[in-house]
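Naming: A, B, ... by sequence-line order, numbering from 1 per chain. No hydrogens, no waters, no symmetry mates; every other heavy atom, side chains included, goes into these values. Just so we're clear, the structure is a prediction, and the values are computed from it rather than from any experiment.
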2 protein chains.
Amino acid sequence: MATGREIAQLCGVSVATVSRVFNQPGTVNEETRERVLRVAKELDYRPNESARALSTKQSTMIGLVWDTDHRRPGWRHPYLQDLLIGLKSALSAHGYHLLMLATSGDAREVGASLADPVGYVNMTRRHHLGGLVLIDSGSDAKAFETFAQSGVPCVALDVAVEGPRATYVTSDNEGGAWSAVRHLLSLGHSRIATITGPVGNQPSRARVSGYRRALREAGVASRDDYVVSGDFYRASGTAAMHRLLALDEPPTAVFAASDEMAVGALLAARAAGLQVPRDLALVGFDDIEVASVVEPALTTVSQDKPGFGVAAAKAIMAMITGAEKEGPLVLPTTLVVRGSCGG
Amino acid sequence: MATGREIAQLCGVSVATVSRVFNQPGTVNEETRERVLRVAKELDYRPNESARALSTKQSTMIGLVWDTDHRRPGWRHPYLQDLLIGLKSALSAHGYHLLMLATSGDAREVGASLADPVGYVNMTRRHHLGGLVLIDSGSDAKAFETFAQSGVPCVALDVAVEGPRATYVTSDNEGGAWSAVRHLLSLGHSRIATITGPVGNQPSRARVSGYRRALREAGVASRDDYVVSGDFYRASGTAAMHRLLALDEPPTAVFAASDEMAVGALLAARAAGLQVPRDLALVGFDDIEVASVVEPALTTVSQDKPGFGVAAAKAIMAMITGAEKEGPLVLPTTLVVRGSCGG
DNA sequence: CGTTTCACCGTAAGCGGTTACATAGACCCT
DNA sequence: AGGGTCTATGTAACCGCTTACGGTGAAACG
């Protein structure tokens with residue numbers, strides 16, 4: 001790798017001029033600029049990122065805090081890959097890279113996790129990261145506050161945090177749930193139950209709200225026994241479904257707050273001798289891949305998966321470059337009608 | 001963030017001593033060492049990574065080359081998430097982070113992709129990365145050679161590259177396929193077809209070999225019309241199945257080289273009025289999530305998904321720290337018997 | 001007791017950039 | 001002609017850390 005000094009020597013200028021050519025063009029004479037540029041291209045010059053970061057206190061990396069939760073080893077993000085694709089490509093449009101942070105390795109901070117976000121904030125400073133993208137690990141929402149307060153620009157996914165330099169992006173969970181339940185109502189159902197996500201989870205709560213609002217607007221009374229909680233995992237969907245089927249007046253339709261749980265519910269219904277959608281209508285949420293494979297294919301609420309990453313990248317870049325902070329971003333959802341509701 | 005100099009002043013020593021405490025303990029007096037350590041802990045000192053990297057020409061990051069192929073936007077890695085989990089946690093055990101490289105953003109290297117790995121190698125040097133992990137993008141296997149020749153320590157996943165500082169990790173694709181076909185043979189099938197992956201793909205070829213060997217060992221003649229090629233995607237599985245069913249003597253069992261294609265084949269068989277496994281036995285490969293959800297659940301060859309990441313991390317770390325290069329790592333596969341083969 | 005050895009530590013020179021400040025012409029003005 | 005601007009560039013300090021080199025004093029040696 002050629003250094004700035006080499007270029008300077010070959011061009012008969014000082015290193016300062018070389019640096020200026022790249023950082024403050026316009027302040028350097030047209031002719032010498034071209035000369036420097038030409039030599040730089042010949043030598044395939046690339047400024048050393050470590051040196052640049054050290055000097056400017058700004059690297060071209062943003063950190064990804066993705067806690068692969070030890071307490072819940074089976075936890076899989078519903079669409080991590082699409083999210084990463086969106087995030088990566090949007091960031092690279094700005095010349096930024098994504099650094100997947102891991103604190104656990106450093107002996108001095110063993111045990112650091114989302115429960116101790118300080119480690120991540122330290123990493124941010126050590127590497128001069130431009131900011132942090134926080135992926136909801138499903139638990140520790142309170143830990144996110146620490147990030148928000150740290151002064152580090154950060155954008156959380158699916159967790160509502162606010163701070164001077166913190167914002168978040170989430171789907172329109174309330175609206176998505178609403179449209180799902182609307183769909184069920186429009187098909188003539190009135191005994192509509194829901195299987196919720198974890199109680200502490202914000203998207204989960206929003207989905208319950210949407211469920212409730214749709215019912216209320218339709219003049220259908222809410223029944224507490226029709227709201228049974230799960231944890232987004234498939235098994236909890238199965239368990240919840242069993243509980244619902246054991247009711248005196250079982251629901252004729254179920255809105256599950258995740259596709260995984262919907263699949264679980266589907267299996268439970270099938271095991272109970274019910275046929276979907278004839279005996280039970282089912283709607284999920286997420287539009288993960290299995291949704292389209294299962295039989296019958298799942299009607300579900302689809303999120304803009306790559307859009308998540310893109311929005312996060314945009315929000316981060318806005319905080320880094322501009323002084324203006326973006327407000328929370330809420331991505332629209334769309335109802336994907338497949339076979340699991342009949343009609 | 002406290003700097004080394006501050007610590008030095010508070011301790012009444014020079015910055016060199018502070019540095020030595022962390023990098024060459026043993027060369028510094030017990031008492032002063034403890035003093036430095038204590039002050040460092042009080043100030044929550046963390047060495048600046050940029051400065052350290054600049055000085056040592058070694059960062060604590062390794063790069064991830066994951067080309068989200070533009071030509072095949074729908075391509076999804078069969079188990080990216082598990083792979084990342086394994087990779088990340090194994091790397092962090094060594095204090096390393098994962099940098100997701102993106103060259104496309106840099107205006108000077110627009111169009112850089114796997115077809116032009118030079119951009120990635122440059123990134124490696126600019127950031128003083130310890131090495132590169134290459135995820136098979138499904139195409140450009142030849143581009144991997146460039147990486148291998150670059151002198152940068154790198155480990156490829158599922159692509160056999162060799163070089164002075166390059167190695168790879170892959171599953172025992174041949175053996176996995178062999179065991180899948182063995183399973184079908186043991187159930188009494190003899191008309192066993194296979195739906196292969198892309199012809200240029202190495203795991204795909206290995207799976208075909210395993211298929212052929214199992215047949216040969218059982219004394220069953222190979223039939224060319226029983227080997228139909230797909231591209232790992234679901235649709236190609238459907239298309240391939242249609243072709244197989246149109247044969248004069250259709251197979252009674254099919255080994256698909258990917259679960260996605262197996263699902264596609266399943267749909268095609270179902271559409272043709274066949275019942276699986278009664279009329280057709282089906283085995284897949286990968287053991288992705290849908291495999292267990294589909295009806296009947298798919299018998300498939302399971303890969304050690306997190307093990308992939310762990311092995312890659314181990315290989316990279318071995319190249320960075322030791323002089324010794326690891327040989328190629330071949331991870332064992334296991335046959336997961338579910339419902340799609342009957343028996 | 002003079003000299004070597006050794007453990008310990010400070011000095012200073014990098015690493016490769018960025019940038020405040022100084023300088024040197026060129027140009028324009030009165 | 002002298003003074004003021006403006007442009008283009010060089011000088012040098014600095015970012016924070018690592019490390020080769022040299023120096024110091026005490027212990028060990030002859």
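- For the pair A/Leu54 and B/Val28, both in contact range of DNA chain C, the more 5′-proximal nearest nucleotide belongs to B/Val28.
- B/Ser50 comes within contact range of no nucleotide atom at all, as no heavy-atom separation falls under 4.0 Å.
- Between A/Lys57 and D/dG16 there is a side-chain polar atom (N or O) within less than 4.0 angstrom of OP1 or OP2.
- Without hydrogens or angle criteria, B/Thr321 side chain to B/Met317 main chain gives a donor-acceptor distance under 3.5 Å.
- Under the 4.0 Å criterion applied to side-chain N and carboxylate O atoms, B/Arg38 and B/Glu42 are assigned as salt-bridge partners.
- Checking A/Ser55 against A/Arg5, the closest nucleotide of DNA chain C that is more toward the 5' end is the one next to A/Arg5.
- With distances taken from any side-chain atom of B/Ala16 to the nucleotides C/dC9, C/dT11, C/dT18, the minimum falls on C/dT11.
- Rounded to an integer number of Å, the gap from CD of A/Gln24 to P of D/dT7 is 14 Å.
- Contact check on B/Glu31 versus B/Arg35 returns no salt bridge, with no Lys/Arg side-chain nitrogen under 4.0 Å from an Asp/Glu carboxylate oxygen.
- Considering only side-chain N and O atoms, A/Arg52 lies nowhere under 4.0 angstrom from the phosphate OP1 or OP2 of C/dG16.
- B/Thr17 comes within contact range of the sugar-phosphate backbone alone, with a heavy-atom separation under 4.0 Å but no base atom that close.
- One can place CG of B/Asn29 at 14 Å from P of D/dA26, the figure rounded to the nearest angstrom.
- Counting any heavy atom pair closer than 4.0 Å across all strands shown, A/Arg20 reaches a base atom.
- Between the C1' atom of C/dG17 and the CD1 atom of A/Ile7 lies a distance of 12 Å, rounded to the nearest Å.
- Closest to the B/Ser14 side chain, of the nucleotides D/dT18, C/dG17, C/dG10, is C/dG10.
- Here B/Val18 lies out of heavy-atom contact (under 4.0 Å) with every strand.
- The nearest whole Å value for the distance from the NE2 atom in A/His128 to the P atom in C/dG16 is 17 Å.
- B/Tyr120 and B/Phe147 have tilted rings, their planes meeting at an angle from 30° to 60° on a 0 to 90° scale.
- Contact between the side-chain N/O atoms of A/Ser19 and the OP1/OP2 oxygens of C/dT18 is found at a separation under 4.0 Å.
- Taking atom CD of residue B/Glu49 and atom P of nucleotide D/dC17, one finds them 10 Å apart after rounding to whole Å.
- Look at A/Asn23 and you'll find a side-chain N or O under 4.0 angstrom from OP1 or OP2 of C/dT18.
- Per the geometry, CD belonging to A/Gln58 stands 17 Å off C1' belonging to D/dG16, to the nearest Å.
- Atoms CZ (A/Phe22) and P (C/dG17) sit 10 Å apart, rounded to a whole Å.
- A perpendicular orientation is assigned to the rings of B/Phe308 and B/Tyr79, their planes being inclined by more than 60° (bins at 30° and 60°).
- Atom-to-atom, CD of A/Glu30 to P of D/dA8 comes out at 10 Å; the value is rounded to the nearest Å.
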